[in-house]
Amino acid sequence: MAKQSHATWGGRFSAGPAKLMLQFSESVSFDRRLAPFDIAGSQAHAAMLARVGLISAREHAEIHAGLERILAAIHAGRFTWDTALEDVHMNIEQALTKRVPAAARLHTARSRNDQVATDMRLFLKHACGVLGEKIRGTQRALLAVAARDGAVPIPGYTHLQRAQPVPLAHHLLAWMEMLGRDVARFAAVADHVNWCPLGSGALAGTTLPIDREFTARLLGFVDARGKPRVTPNSMDAVADRDGYVEFAAACALFGGHVSRLAEDLILWSSTEFGFVSLPDAFCTGSSLMPQKKNPDSCELLRGKAARLQGNLQTLLTLTKGLPLTYNRDLQEDKPPVFDSFDQVALCADVLAGTLAGLTVNRARCETAAGDPALLATDLADYLVERGVPFRKAHHAVGAVVKLAERNQVRLDRLPTAEVRKIHPAFGSDWQQVFDLKRAMARRRGTGMPGPVQIRRQLARWRKALQA
Ligand code: ARG
């Protein structure tokens, strides 16, 4: 029995929780990472209590300094966490109580419900900032590959069948867009959680004359013009976990993007493709087959996507059907959020490292992209420019492809006379279509793989990433 340790809520109990219950219900083993946010929240709360006269200036100073010392002890690894004290909030409050008598006034007009909601919003804002920066780091690694080897042609694929040639940069810039949306999404999540729940109490606010706007401002819950943002409903504020779900969803989407990108790299680095070689530092060997070099970083990136989706699913399931307002179930919201944060941070770094060590095998790419059949669509466009309706042009080029296949020659080696038999609109210049450089140069519209567009996009990203 641990009656003593439950000084924070033990008043109406005659017996403390069972040992098994303590073990079952503790969260300090994982929520202690909220300590810096919890302390910032408590310091702002104490400042507000002093401002409205609920504690004295001296008590405020004591609380503030005591919390500073606790934070320093935590950072230095000198703080003893006690699972019997349940969570990060009570561990810190008890430690403060031991140090300063004024600690007994800190929890005035506050509940752990609005406290934990505040901590987590502070954490999420921080996490979104960190991940945004990390993903930008990955984008810079990507940009470096695109700047160095971007002009190398590769086949673009649909249905994993060679479809149309593109410069490598175009494919890399597709990944860049995906990651760019992730960065923007994390910024949006940070904005969505940027509302201060402190002052909502357990669920019904407080009878005491607190100043919520003051606390919000101190904690940085402000809009672009510096106006404080406080949650408008105390019941929603302690029950709402939307921001966690949105954060986990942003992480899961990032995971999905990274897994697609990793899959491309796995294919490209296989002997069958041979477009790229992955850095030794991010691959492993086989314990049996001496020749093997396995793309483990990419495979794990692909695998992490499942874990990130699982975390999102956990949060969605956790919050569905819960009656308002706070329920202890909600303590289970933290491990998936923290795990998603940690894994995305790792994935972004590992992907950046893998990309930084990538080498592009130019000859293999050129051979693969050099099949003139990949420009069959351009040949149809050629006929369209000579007045042939596209459906007819498509059909005619199909017949040309068939003829080349039957004669076992490359598409561009068919005699012009034979081709003209298929459609009279084929002129003596029809083979010019297969000049890859020319084919790319003709793709001038926004978003297309023409050299002018690619240059423009690279410049845009260089500027956006300050690279
Ligand atoms: N550790 C708790 C959590 O993470 C803090 C809130 C506790 N509130 C309560 N009413 N028991 O959810």
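Quantities reported herein were computed from a predicted structural model and do not represent experimental measurements.
Ring geometry for His126 versus Phe37: interplanar angle of 30 to 60°, hence tilted. Using cut-offs of 30° and 60° for the angle between ring planes, the Tyr157 and Phe275 rings count as tilted.
With rounding to the nearest 0.5 angstrom, the CZ atom of Arg442 is 8.0 Å from the CG atom of Asp381. Interatomic distance, Leu278 CG to Thr354 OG1, rounded to the nearest 0.5 Å: 7.0 Å. Taken to the nearest 0.5 Å, the CD1 atom of Ile70 stands 4.5 Å off from the CG atom of Leu96.
Between Asp333 and Arg241 there is a salt bridge, since at least one side-chain N of the basic residue sits less than 4.0 Å from a carboxylate O of the acidic one. Residues Lys437 and Glu366 are not paired through a salt bridge, judged by the lack of any N-O separation under 4.0 Å between the basic side chain and the carboxylate. Using a cutoff of 4.0 Å between basic side-chain nitrogens and carboxylate oxygens, Glu299 and Lys304 are not scored as salt-bridged. Ionic pairing of Lys402 and Glu405 is not present here: no N-O contact between side-chain nitrogen and carboxylate oxygen is shorter than 4.0 angstrom. The pair Arg410-Asp412 meets the salt-bridge criterion, since a charged nitrogen lies less than 4.0 angstrom from a carboxylate oxygen. Salt-bridge check for Asp378 with Arg443: passed, with a basic side-chain N closer than 4.0 Å to an acidic carboxylate O. With respect to the salt-bridge test (charged N to carboxylate O, under 4.0 angstrom), the residues Arg121 and Asp240 qualify. A salt bridge links Arg386 with Asp429: the distance from a Lys NZ or Arg NE/NH1/NH2 to an Asp or Glu carboxylate oxygen falls below 4.0 Å.
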Report, one line per pair, each donor and acceptor closer than 3.5 Å where one atom sits in a side chain of residues 449-457; sequence neighbours left out.
| unit_1 | atom_1 | unit_2 | atom_2 | d |
| --- | --- | --- | --- | --- |
| Gln453 | NE2 | Arg444 | O | 2.8 |
| Gln457 | OE1 | Arg460 | NH1 | 2.5 |

What donor-acceptor contacts under 3.5 angstrom involve side-chain atoms of residues 248-267, with partners at least two apart or in another chain?
| unit_1 | atom_1 | unit_2 | atom_2 | d |
| --- | --- | --- | --- | --- |
| His257 | ND1 | Met178 | O | 3.4 |
| His257 | ND1 | Asp182 | OD1 | 3.2 |
| His257 | ND1 | Asp182 | OD2 | 2.8 |
| Ser259 | OG | Gly255 | O | 3.4 |
| Ser259 | OG | Gly256 | O | 2.8 |
| Glu263 | OE1 | Arg302 | NH1 | 2.5 |
| Asp264 | OD2 | His171 | NE2 | 2.9 |
| Asp264 | OD2 | Trp175 | NE1 | 3.3 |

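Contact check for Ile39 versus Ile92: side-chain heavy atoms found under the 4.5 Å cut-off. Contact check for Met48 versus Leu218: no side-chain heavy atoms found under the 4.5 Å cut-off. Under the 4.5 Å side-chain criterion, counting only non-hydrogen atoms from C-beta, Leu375 is not in contact with Gln164. In this structure the side chain of Cys365 never reaches within 4.5 angstrom of the side chain of Leu168, judged on heavy atoms. Using a 4.5 Å heavy-atom cutoff, the side chains of Leu34 and Phe338 are in contact. For the pair Leu312/Leu316, a side-chain contact is recorded, criterion being any heavy-atom separation below 4.5 Å from C-beta on. Contact of the Arg364 side chain with the Thr367 side chain is not registered, since no non-hydrogen atoms from C-beta on lie closer than 4.5 Å. A 4.5 Å side-chain heavy-atom check between Trp195 and Phe221 finds every atom pair outside the cut-off.
The minimum heavy-atom distance between Leu219 and Cys196, with the atom names listed, is CD1-SG, 4.4 Å. For the residue pair Trp461 and Gln139, the shortest heavy atom distance occurs at CZ3-NE2, 3.4 Å. Between Val183 and Gly132, the closest heavy-atom pair is CG2-O, 4.0 Å. Nearest heavy atoms, Pro36 versus Leu71: CA-CD1, 3.9 Å. In terms of heavy-atom proximity, Gly243 sits nearest to Val193 at CA-CG1, 3.6 Å. Across Leu374 and Pro155, no two heavy atoms sit closer than the pair CD1-CB, 3.9 Å.
Formation of a donor-acceptor pair under 3.5 Å by the Asn194 side chain with backbone atoms of Val222 is found in this model. When atom types are taken as modelled, the side chain of Thr138 and the backbone of Ala348 share a donor-acceptor pair closer than 3.5 angstrom. A donor-acceptor distance shorter than 3.5 angstrom exists from the side chain of Asp114 to the backbone of Gly201, with no hydrogens or angles considered. In this structure, the side chain of Thr231 does not engage the main chain of Asn233 through any donor-acceptor pair within 3.5 Å. Of the possible donor and acceptor atoms, none in the side chain of Arg110 sits under 3.5 Å from a partner among the backbone N and O of Leu198. With hydrogens and angles disregarded, a donor-acceptor distance shorter than 3.5 Å links the side chain of Asp87 to the backbone of Met90. Under a 3.5 Å cut-off, the side chain of Arg136 and the backbone N or O of Ala464 do form a donor-acceptor pair. Counting only distance, with no hydrogens or angles, the side chain of Lys125 and the backbone of Met120 share no donor-acceptor pair below 3.5 Å. The main-chain N or O of Asp82 is found under 3.5 Å from a side-chain atom of Asn91 such that the two form a donor-acceptor pair. Panel note: side chain Ser234, backbone Leu203; a donor-acceptor pair is recorded below 3.5 Å.
Note that Lys334 lies outside the cation-pi zone of Tyr244, set by a 6.0 Å cut-off to the ring centre and a 45° limit from the axis.
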Walk me through it: do Asp191 and Arg229 pass the test salt bridge (charged side-chain N to carboxylate O under 4.0 Å, His left out)?
-> CA-CA 11 Å; Asp191 182 55; Arg229 276 174 151 189; 3.1 Å; yes
Start with the C-alpha distance between Asp371 and Arg162, add both sets of side-chain angles, then the distance that settles salt bridge (charged side-chain N to carboxylate O under 4.0 Å, His left out), and finish with yes or no.
-> CA-CA 9 Å; Asp371 178 359; Arg162 287 180 185 171; 5.2 Å; no
Evaluate side chain to side chain donor-acceptor pair (under 3.5 Å) for Asp296 paired with Thr284, printing each intermediate quantity in order.
-> CA-CA 6 Å; Asp296 289 34; Thr284 64; 2.6 Å; yes
Ser340 vs Gln343, side chain to side chain donor-acceptor pair (under 3.5 Å): CA-CA, chis, key distance, verdict | CA-CA 5 Å; Ser340 286; Gln343 294 304 320; over 6 Å; no
Report the C-alpha separation of Val28 and Asp31 in whole Å, then their side-chain angles, then the decisive distance to 0.1 Å, and conclude whether the side-chain contact (heavy atoms from CB on, under 4.5 Å) test is met.
-> CA-CA 5 Å; Val28 69; Asp31 67 13; 4.0 Å; yes
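Not a single ring-ring contact (aromatic ring centres under 6.0 Å, His included) links Phe214 to another residue, sequence neighbours left out. In terms of the ring-ring contact (aromatic ring centres under 6.0 Å, His included) criterion, residue partners of Phe79 (sequence neighbours excluded) are, by chain and number, Trp81. Remark: Arg33 pairs with Asp342 by the salt bridge (charged side-chain N to carboxylate O under 4.0 Å, His left out) rule, at least two apart or across chains.
Looking at Arg112 and Gln115, their side chains never bring a donor and an acceptor atom within 3.5 Å of each other. When only modelled atom types and interatomic distance are considered, Ser27 and Arg32 share no side-chain donor-acceptor pair under 3.5 Å.
Enclosure of atom CD in Gln291 by more than 12 non-hydrogen atoms of other residues, nucleotides or ligands within 6.0 angstrom is indicated. For His107, the NE2 atom is densely surrounded, since the number of other residues' heavy atoms within 6.0 Å is greater than 12.
Judged as a side chain to side chain donor-acceptor pair (under 3.5 Å), the pairs with a partner in residues 316-327 (not counting sequence neighbours) are, in order, Gln313-Thr317.
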